[in-house]
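Predicted model, so just to flag it, every value in this text is computed and none were measured.
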Amino acid sequence: MKKLVTILLLLMGMSTGLWAGDMASYDIVPLPQSIVMQKGKSFILDGEVSILCDASLQQEAAFLQQYLKEAVSLNLQMAQKRDKNVRYIELTVSPKITNKDGYVLTVEQKGVTIQGGSAAGVFYGIQTLRKAVTYGTVMPAVIITDAPRFGYRGMMLDCSRHFWSVDFVKRFIDLIALHNMNTFHWHLSDDQGWRIEIKRFPKLTEIGSQRSGTVLGTNSDLDDETPHGGFYTQQQAREIVAYAQQRHITVIPEIDMPGHMLAALACYPELGCTGGPYQVGHYWGVYTDVLCVGNPKVYEFIEGVLAEIMDIFPSEVIHIGGDEAPTVKWEACPKCQALGLTKNQIQPYFTQKVFNYLTSHHRRALGWDEILDGCPQDAMIMSWRGSEPGAKAAEQGHDVVMTPTSHVYFDYLQSEEAEFEPTRCGGFIPVEKVYSLEPAPETLSAEAKAHIHGTQANLWAEYLLTEGLVEYQALPRMAALAEVQWTQPEHKDYEAFKRRLTRLTRLYELYKYHYAKHLWPGRQLPSRWQF
């Protein structure tokens, strides 16, 4: 009988391209906090196994069922009552696990148990099991005790400079889930396009979502004169929010203000300091046209936009941008000058008004680190101009998300040999550089470290022309970021990580994600890798 099972498992592996009869590996990304191998026989994952859970975890059970069907061609049944003659993968929530994203995965010959601090913890335990069995369904006895280092584990996708379909946004969210991340920062507006339907201001999508052309290369004098556009209806945005929630991912929308508003000004020129005319931006970079901070109609507009944004997105945090807002138009504007403020006080005045509005609706403002000077204490800071602004903010008592250009701008090149790269965006950030990021360095005080909520990478889309290129720029750097976000620093080891990453690319290939292969030069990875 044992021989028959082995042969069947081997045949199953051959038919799927994944060698299901081989030994599973807990050598995964991100590395769990504790992996303790146990004595005793392995658990054999086969078609006779069922998934056991109560009604509250049916969604997580369905994901496990789907993942195993995709990875090892096993379509396991689900059950809510135990049968003594059946081997189970049992999913439960345990009050003993204090971290809501934590879990304990126990493998014994008779069954597998995933206990989570919440349904989210169970989901991350499922991700570990999913990655482990991708290389084999013979699971050695083990107890894995795990929880993330940071509570905020994010990725940002820019859908303004180039518009991405609903299906691709969902595919990107699946990639976030695969890497144990829990936040999708969705950049929805900028100079080059407004991407979210606002019913009170229909011109934002009628006019602001379309540009008549795009500059070629890095701001050359040549324009492609090809229209580019697209936007998400409110129904589509709600659909994406629900899709993310099912995977325990929070969607944080960003409406960038008071700068990077050229697409909005093209629709409503009276909101600018000069009155226009304006057009949706063709060029990349920083435009001097910004919202007129001294115009009361601007705040009616902002509050109207944010009211609909808050209705669509249930996240506590709303990203208000705040970066790269030149003061030149404010300095020459009679309405802005009538405020009696210095040029450095005008943006904090605007930020305070937006903050007050969000706070009155029980939401919280998050902004790029330019808002730090003069912003309210409760505002969250996203540190992008290096880690220093984030450290300063944390020492001042602000909650911080680290996103420094030096380590996590994934639109930057992955190779110094730029002529062989598909994008010409400046900067060079290889996988090792991402892996070396320390969001909460020892130089910070204990109080400041407590304010470092986590980190994310940003994918700006000026030079990302296709969905495949978005994936290529993200992968495999997302894996390095996942380990920064999840794994305690004392457990990190870059050389060991590279071996684990090589295993993870098996899932990239299974789901046909495009990924950069600079870590494996001159080598086409075979269908079955030897380690």
Side-chain angles (χ1 to χ4, degrees), residues 18 24-35 45 51 53 57-72 74 76 89-93 97 99-107 112-137 139 142-151 153-155 170-184 243-250 454 474-476 478-487 491 497 500-501 503-511 513:
L18 301 175
S25 172
Y26 308 120
D27 209 17
I28 64 168
V29 175
L31 182 67
Q33 308 300 353
S34 172
I35 303 173
L45 178 59
I51 301 170
C53 67
L57 293 174
Q58 287 295 299
Q59 179 176 277
E60 286 66 37
F63 277 118
L64 176 57
Q65 183 185 54
Q66 173 189 333
Y67 293 149
L68 294 178
K69 185 176 182 179
E70 292 166 347
V72 291
L74 291 176
L76 304 189
I89 300 174
E90 184 176 4
L91 311 179
T92 65
V93 172
I97 301 173
N99 188 313
K100 67 180 181 62
D101 288 349
Y103 67 90
V104 177
L105 171 62
T106 304
V107 178
V112 175
T113 301
I114 299 175
Q115 294 179 302
S118 67
V122 172
F123 184 74
Y124 297 123
I126 287 170
Q127 294 298 333
T128 292
L129 188 149
R130 170 196 192 185
K131 295 165 193 172
V133 302
T134 297
Y135 206 71
T137 54
M139 302 180 66
V142 72
I143 297 176
I144 297 176
T145 305
D146 200 10
R149 180 186 180 192
F150 292 108
R153 306 179 301 280
M155 279 292 302
K170 290 180 179 179
R171 180 172 166 85
F172 192 79
I173 287 170
D174 285 332
L175 203 53
I176 292 173
L178 175 65
H179 291 88
N180 289 26
M181 298 179 184
N182 63 356
T183 305
F184 173 42
Y243 190 87
Q245 285 176 330
Q246 291 166 0
R247 291 151 181 80
H248 301 281
I249 294 167
T250 298
L475 301 175
M478 272 182 80
L481 178 64
E483 201 135 300
V484 171
Q485 295 170 336
W486 188 278
T487 305
H491 296 153
F497 163 76
R500 287 183 277 109
L501 173 58
R503 292 181 182 274
L504 181 61
T505 57
R506 199 169 188 80
L507 278 174
Y508 296 167
E509 295 195 348
L510 175 65
Y511 292 103
Y513 282 111

Under 3.5 Å donor-acceptor, [X] side chain and [Y] backbone:
| X | Y | value |
| --- | --- | --- |
| Gln59 | Gln246 | yes |
| Lys131 | Arg503 | no |
| Gln65 | Leu76 | yes |
| Asn180 | Pro30 | no |

Looking only at heavy atoms, which two atoms of [X] and [Y] are closest? And how far apart?
| X | Y | answer |
| --- | --- | --- |
| Ala479 | Leu504 | CB-CD2, 3.9 Å |
| Gly151 | Asn182 | O-ND2, 2.7 Å |
| Ala147 | Asn99 | CB-ND2, 3.8 Å |
| Met139 | Val112 | SD-CG2, 4.4 Å |
| Leu31 | Thr487 | O-OG1, 3.0 Å |
| Pro148 | Gly102 | CD-N, 4.4 Å |

Legend entry - From Leu178 atom CG to Arg130 atom CZ, the distance as rounded to the nearest 0.5 Å: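 Rounded to the nearest 0.5 Å, the CG-CZ separation comes to 5.0 Å.
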Pi-cation contact, [Y] with [X] (under 6.0 Å, within 45°):
| X | Y | value |
| --- | --- | --- |
| Arg153 | Tyr124 | yes |
| Arg171 | Tyr513 | yes |
| Arg506 | Tyr135 | no |
| Arg247 | Tyr243 | yes |

Inset, instruction - Compute the ring centroids of Phe184 and His248, then answer whether they are less than 6.0 Å apart. - result: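 Phe184 vs His248: aromatic centres not under 6.0 Å.
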Legend entry - Reference residue Leu57; test side chain to side chain contact (heavy atoms under 4.5 Å, CB included); the match among Ile51, Ile126, Leu91, Leu64: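 Per the side chain to side chain contact (heavy atoms under 4.5 Å, CB included) rule, the option paired with Leu57 is Leu91, out of Ile51, Ile126, Leu91, Leu64.
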Inset, instruction - Walk me through it: do Trp486 and Met181 pass the test side-chain contact (heavy atoms from CB on, under 4.5 Å)? - result: CA-CA 9 Å; Trp486 188 278; Met181 298 179 184; over 6 Å; no
Legend entry - Steps toward ring pair (Phe, Tyr, Trp, His ring centres under 6.0 Å) verdict (Phe172, His179): CA-CA 11 Å; Phe172 192 79; His179 291 88; 9.8 Å; no
Inset, instruction - Indicate whether any N or O donor in one side chain lies under 3.5 Å from an N or O acceptor in the other, for Thr128 and Tyr103. - result: yes
